[in-house]
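Each chain gets a letter, A, B and so on, in the order the sequences are listed, and its residues count up from 1. The shown structure was predicted, so the numbers you read here are calculated from the model rather than taken from an experiment.
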There are 4 protein chains.
Amino acid sequence: MELTSQFYYSLWEPKVRNELKESPKAIQIMQAAERLFAGGRFHEITMEDVCRCAGVGKGTIYRYFSDKDDLFIRTAVRGIDELVSQLKSHAGEKRPFESRLLDACRSVCSFFKSRRLILHMMQSQNSHKRSAFCAGWSQYRKSIVSALADVLSAGSAEGMIRKDVPSNVLSNLLLGLLRTTARDLTDAAETFRRTEFVIEFFLRAAGPAPDKEFS
Amino acid sequence: MELTSQFYYSLWEPKVRNELKESPKAIQIMQAAERLFAGGRFHEITMEDVCRCAGVGKGTIYRYFSDKDDLFIRTAVRGIDELVSQLKSHAGEKRPFESRLLDACRSVCSFFKSRRLILHMMQSQNSHKRSAFCAGWSQYRKSIVSALADVLSAGSAEGMIRKDVPSNVLSNLLLGLLRTTARDLTDAAETFRRTEFVIEFFLRAAGPAPDKEFS
Amino acid sequence: MELTSQFYYSLWEPKVRNELKESPKAIQIMQAAERLFAGGRFHEITMEDVCRCAGVGKGTIYRYFSDKDDLFIRTAVRGIDELVSQLKSHAGEKRPFESRLLDACRSVCSFFKSRRLILHMMQSQNSHKRSAFCAGWSQYRKSIVSALADVLSAGSAEGMIRKDVPSNVLSNLLLGLLRTTARDLTDAAETFRRTEFVIEFFLRAAGPAPDKEFS
Amino acid sequence: MELTSQFYYSLWEPKVRNELKESPKAIQIMQAAERLFAGGRFHEITMEDVCRCAGVGKGTIYRYFSDKDDLFIRTAVRGIDELVSQLKSHAGEKRPFESRLLDACRSVCSFFKSRRLILHMMQSQNSHKRSAFCAGWSQYRKSIVSALADVLSAGSAEGMIRKDVPSNVLSNLLLGLLRTTARDLTDAAETFRRTEFVIEFFLRAAGPAPDKEFS
DNA sequence: AATGAATGAGAGTTCATTCAT
DNA sequence: GATGAATGAACTCTCATTCAT
C-alpha cells in the first residue's frame with residue numbers, strides 16, 4: 001500500500017484550505033523557502049526573508065501555510081512522493097538489477113542534492129511541534145527506506161543480494177552510505193564521490209554471502 | 001602530530017579563564033546541557049532550561065561559558081580528545097586487526113550513544129557564529145575520521161583492507177554505517193544493531209578485492 | 001556652509017529607512033521618550049516605559065529606531081537644526097542688535113526649556129556608543145555655539161560687543177549663563193530668571209571695553 | 001550656620017556603621033571609584049570594576065558602603081565640606097576683595113578640575129534613589145552657592161559688587177561661568193581659560209551699576 | 001486577495017547584591 | 001574581616017503572527 005503526502009499531512013492537520021495547498025503561489029513561496037532553508041538553519045531564516053525572497057507580502061504566506069512549521073515541513077516534503085514513485089517504478093522494471101539499483105540510487109542522490117535540507121531534517125527534526133511533526137516525518141523517511149528496500153528485495157529474489165539481512169536494514173545502510181558520500185566526502189577524489197563507487201562498495205557487502213551467513 | 005582541544009578552541013576565542021573551563025561546576029552545567037541538547041534542537045533549548053536542569057542560577061552559566069554558543073560547542077566537543085586518543089591507541093596495538101577494529105568501533109559507538117548530540121552537530125551546525133564554529137567543528141570531525149583511518153591503514157598494511165580506496169574514504173564510510181546503525185535502525189532486530197554486524201558488513205566491502213580493483 | 005542633521009547622522013549610521021525617520025509614529029515615540037528622558041537618566045528609562053508612554057507595542061519602536069541609543073540620540077537632536085537656522089536668521093536681520101540678541105536668546109531658552117534633556121546631554125553623554133555619539137554630539141553643540149557666535153559677531157561689527165574676546169568664547173559664556181538661569185535659578189525671583197536679565201548681565205560684561213582691553 | 005556632610009547624609013540614611021565611613025579602606029575604595037566615575041558614566045562602571053581598581057574583594061565594598069548609590073554619592077561628596085570651609089574662610093579675610101574672589105574661584109576650579117564628576121552630578125542626578133538623593137545633593141550644591149555668595153556679599157558691602165542683584169543669583173551665575181570655562185572652552189586660547197579672565201568678565205557684569213539699576 | 005505596520009511573548013545576557021567559606 | 005562564586009530580577013531586542021486597510 002502506498003503512503004502519500006495526503007495521508008501524512010493529516011498528522012499535523014494543516015489549517016489551510018486544500019485548494020490552496022498546491023496553488024502556484026504556494027509553490028512560489030515554497031521555492032523561495034527551499035532556497036533559504038538550504039543555506040541556513042531553520043531558526044536563522046525569518047519569515048521576512050521568505051517574503052522578500054518570494055516577492056510576496058508577509059500576510060500572504062499565512063493564507064497558504066498555517067505557520068512557519070507548516071511552511072518548513074511542506075517545503076521539505078515536497079517531491080518525496082515523486083521520489084518514492086520513481087523508486088517504485090525502478091523496482092518493477094525488467095532491466096538488469098544493477099542498472100535498476102544505479103538508477104534508484106541516482107534518483108535518491110539527485111533528490112538529496114537538490115534538497116540538502118531534507119537530509120538535515122531526516123535526522124534532526126527542527127520543528128517544535130514535536131509530536132505531530134516527528135510522527136509525520138518519520139513516516140516519510142520510512143516510505144523512502146521502504147521504496148529502496150523494494151528495489152533491493154527484487155535483487156534479492158534474483159540472487160544478487162544476500163538473504164540473511166532484511167532488505168529494510170540493507171536499504172537503511174545504503175541510504176547511509178549515499179548520505180555519507182554526499183555530505184562527508186567533500187574532500188575525496190571525484191572517483192569516490194560517484195554513485196557507481198558507492199554501489200560497488202555496497203554490493204560487495206550486500207551481495208550474496210559465498211560461504212557463511214551472518215547470524 | 002596530534003591536534004587537541006586547546007588548539008581548536010582558539011578558533012572562537014573563549015572568554016573564560018582557563019581554570020574555570022573544566023571545573024566541576026562547568027561539567028555539571030555541560031552535563032545538563034548535554035541532556036537537553038540531546039533531546040531538542042539548539043534553539044528550542046533556553047538558557048533557563050539549562051539553569052533549571054543543572055540546578056544553578058542563570059548568571060552562573062555565564063561565569064563558565066561566554067555565551068550560549070560557547071556552552072553548546074564546548075558541550076558538544078567535550079570528550080572528543082579522549083575518543084581520538086582511544087582510537088589512536090587501538091591503532092598501535094599488537095592484537096589481530098579485527099579485534100582492534102571492533103574496539104575502535106565500539107569506542108565510536110559508545111561515544112555517539114552517550115552523546116547523540118554530537119551526531120546531530122556533525123551534520124547540522126546550528127550556531128550563528130558560523131565561520132569560527134564550522135571551521136572548529138570540521139576540524140574535530142576530521143580528527144575522528146583520521147584517527148579511525150589510522151586503524152584502517154594498519155589493517156591495510158596487514159592485507160586485511162583493500163588498497164584501492166584511500167583509508168580516509170573508508171573511514172568516512174564506516175562512520176556513516178555506524179551512524180546509520182545507531183540512528184536509523186531503531187526498528188531493526190537487535191542482531192543488526194550490534195557493532196559486530198556493521199563490521200562484518202563493512203569488511204565484506206572493504207576487505208581486499210579478490211580479483212579486480214575499483215577504478 | 002550649513003551642517004544639517006543629515007550630515008551628523010552619518011556618524012552613527014542609521015539602520016532605519018529614511019522615510020520612517022520622521023513619520024508621525026516616530027515623532028509620537030520621540031515625544032514620549034522626551035518626556036521620560038527629561039525626568040530620568042538614560043539607564044533608568046526602559047524601552048518598556050517608552051512603549052507604555054507612547055502607547056505603542058514594544059516591537060514598534062524597533063521599526064523606527066535601530067536601538068535604544070538611536071532613539072535617545074535622535075530624540076535629543078530633534079529640532080537642533082531648526083534652532084540653528086532660527087539663530088542664523090536672527091543674525092542677518094536689520095533690527096537693532098539688542099533686539100536680535102534677545103530673540104536669539106529666547107530661541108535658545110525655549111529650545112532648552114522644552115527639552116531639558118538636551119542640556120543634560122550637552123555635558124553628560126550617556127550612550128555607550130561612545131566614539132560615534134560623542135563626535136556627533138560635540139558637532140551639534142558646536143553648531144549652536146557657532147550660530148550664536150554669528151549673532152554676536154554682527155553685534156561686534158556694530159560696536160556693541162567688545163572685540164578683545166573671540167565671539168566663540170562669548171557665545172559659550174552666554175550659553176553658560178542661559179543654562180544657569182534655566183537650571184539653577186529655580187529659587188530666585190522671577191525678575192532674575194527672565195531672559196532680559198541675562199542679556200543685561202551679559203552685555204555689561206561683553207559690551208565694548210570703555211578704557212582697556214583684556215590681555 | 002554651617003551645614004556639614006553629617007547633616008546631609010541623614011537624608012538617605014547610610015546603613016554603614018559610622019566608624020567605617022572614613023576608614024582608610026573606605027577612602028581607598030572611594031579613590032578608585034573617583035578614578036572610574038570621572039571617566040565613564042554611572043551605569044557603565046560596574047562594582048567589579050571598582051573592586052579590581054581598588055584591589056579589594058567584592059564583598060568588602062559592601063562593608064563600607066550600603067550600596068552602589070551610597071558609594072557614588074559619598075565619592076562625589078567627599079571634599080565638599082573642605083571646599084565650603086575654604087570659601088568661608090576667604091570671605092572673612094582682610095585682603096582686597098578681588099584677591100579673595102580670585103582665590104575663591106581658584107578653589108572652586110581646582111575642586112571641579114580634580115573631580116569633574118561632581119560637575120556632572122551637579123546637574124544630572126544619576127541615582128535611582130531619587131527623592132533622598134536629590135534632596136541631599138541639592139543641599140550640597142546650595143552650600144557651595146551660598147559659600148560663594150558670602151564672598152560676593154562681602155564684596156557688595158565694600159561697594160565692589162552691584163546691589164540690585166541678590167548675591168545668590170550672582171553666585172550661581174559665577175559658578176555657571178566657571179563651569180563653562182572648565183568644560184566648554186576646551187578649544188579656546190589659553191588666555192580665556194584662565195580664572196583671571198572669568199573674573200574680569202564677571203566683574204564687568206557684576207560690578208556696581210554706574211547709572212541705573214536692573215529692575 | 002494581498003499587504004506590511006503593529007504586536008508582545010519570550011529569548012539571551014548583565015550586574016548589584018548576598019553569604020558560605 | 002575579607003572574599004568572590006552564586007544569584008535572579010531586570011534589561012534590551014527579535015520575530016512569528018495578526019488584522020485593519
Side-chain angles (χ1 to χ4, degrees), chain A residues 20 23 25 42-52 55-72 128, chain B residues 17 20 23-26 29 42-52 54-72 128, chain C residues 15 20 23-26 29 43-52 54-71 128, chain D residues 20 23 25 42-52 55-72 128:
Chain A
L20 294 179
S23 73
K25 207 131 207 167
F42 182 69
H43 273 93
E44 295 174 11
I45 311 302
T46 71
M47 292 302 257
E48 188 115 10
D49 292 335
V50 179
C51 293
R52 246 194 316 268
V56 302
K58 210 182 290 192
T60 306
I61 292 188
Y62 288 86
R63 269 191 64 76
Y64 296 95
F65 302 87
S66 54
D67 57 17
K68 195 185 180 188
D69 278 325
D70 187 39
L71 169 59
F72 182 54
H128 59 266
Chain B
R17 290 196 308 271
L20 293 179
S23 73
K25 204 117 206 170
I29 292 167
F42 182 68
H43 275 95
E44 295 172 14
I45 311 303
T46 72
M47 294 303 259
E48 192 113 10
D49 292 335
V50 179
C51 295
R52 250 193 311 270
V56 301
K58 209 186 292 194
T60 305
I61 294 188
Y62 288 88
R63 273 192 63 77
Y64 296 94
F65 303 88
S66 52
D67 56 16
K68 197 186 180 187
D69 277 324
D70 188 39
L71 169 59
F72 183 52
H128 61 266
Chain C
K15 295 158 204 159
L20 294 179
S23 73
K25 206 119 209 170
I29 292 168
H43 275 95
E44 294 172 16
I45 310 304
T46 72
M47 292 304 259
E48 192 112 10
D49 292 336
V50 179
C51 294
R52 248 194 313 269
V56 302
K58 206 186 296 192
T60 306
I61 293 187
Y62 289 89
R63 273 190 64 77
Y64 296 94
F65 304 88
S66 53
D67 56 17
K68 197 187 179 185
D69 278 325
D70 187 38
L71 170 60
H128 62 265
Chain D
L20 294 178
S23 72
K25 206 132 208 166
F42 181 69
H43 273 93
E44 294 173 11
I45 310 303
T46 71
M47 292 303 257
E48 188 114 11
D49 292 336
V50 179
C51 294
R52 248 195 313 270
V56 301
K58 209 180 293 191
T60 306
I61 292 187
Y62 287 87
R63 269 192 64 74
Y64 296 95
F65 302 87
S66 55
D67 56 17
K68 196 187 180 187
D69 278 324
D70 186 39
L71 169 59
F72 182 54
H128 59 265

What is the separation between atom [atom1] on [X] and atom [atom2] on [N], rounded to the nearest whole Å?
X	N	atom1	atom2	result
Met47(B)	dA10(F)	CE	P	21 Å
Lys68(C)	dT12(F)	NZ	P	4 Å
His43(A)	dG12(E)	NE2	P	10 Å
Glu44(C)	dT12(F)	CD	P	12 Å
Phe65(D)	dT18(E)	CZ	P	16 Å
Ile45(C)	dA10(F)	CD1	C1'	15 Å
Asp70(D)	dA16(E)	CG	P	15 Å
Leu71(C)	dC13(F)	CG	C1'	13 Å

### Message
Between Asp49(A) (side chain only) and Ile45(A) (backbone N and O only), is there a donor and an acceptor less than 3.5 Å apart?
### Response
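Side chain of Asp49(A) to backbone of Ile45(A), a donor-acceptor pair under 3.5 Å: no, none is there.
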Provide the closest heavy-atom pair for [X] versus [Y] in the form atom of the first, atom of the second, distance.
X	Y	result
Asp70(B)	Phe65(B)	OD2-CA, 3.4 Å
Ile29(C)	Tyr64(C)	CD1-CD1, 4.2 Å
Met47(B)	Asp67(B)	CE-C, 4.4 Å

### Spatial distance of atom OG1 (Thr60(A)) from atom NZ (Lys25(A)) [nearest 0.5 Å]
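The NZ atom of Lys25(A) is 6.0 Å from OG1 of Thr60(A), to the nearest 0.5 Å.
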### Task
Could you grab the distance from atom OG1 of Thr46(C) to atom NZ of Lys68(C), nearest 0.5 Å is fine?
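Here the interatomic distance stands at 7.0 Å.
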### Task
Give each stem of DNA chain F as a range with a range, requiring at least 3 consecutive Watson-Crick or G-U wobble pairs whose two distances are under 3.5 Å.
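Stem list for DNA chain F: E:2-21 with F:2-21.
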### Task
Could I get the full list of salt bridge (charged side-chain N to carboxylate O under 4.0 Å, His left out) partners for Lys58(A), not counting sequence neighbours?
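In terms of salt bridge (charged side-chain N to carboxylate O under 4.0 Å, His left out), with neighbours along the sequence ignored, Lys58(A) is linked to Glu48(A).
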Under 3.5 Å, which N/O atoms of the protein pair with N/O atoms of nucleotides 6-10 of chain E?
from    : atom 1 : to       : atom 2 : distance (Å)
dA6(E)  : OP1    : Lys25(C) : NZ     : 3.0
dA6(E)  : OP2    : Tyr64(C) : OH     : 2.4
dT7(E)  : OP2    : Gly57(C) : N      : 2.5
dT7(E)  : OP2    : Thr60(C) : OG1    : 2.5
dG8(E)  : N7     : Lys58(C) : N      : 3.4
dG8(E)  : N7     : Gly59(C) : N      : 3.1
dG8(E)  : O6     : Gly59(C) : N      : 3.2
dG10(E) : O6     : Lys58(C) : NZ     : 2.7

### Message
What's the closest nucleotide to the side chain of Tyr62(A) if the choices are dC13(F), dA16(E), dT18(F)?
### Response
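Taking heavy atoms from C-beta onward, the closest nucleotide is dT18(F).
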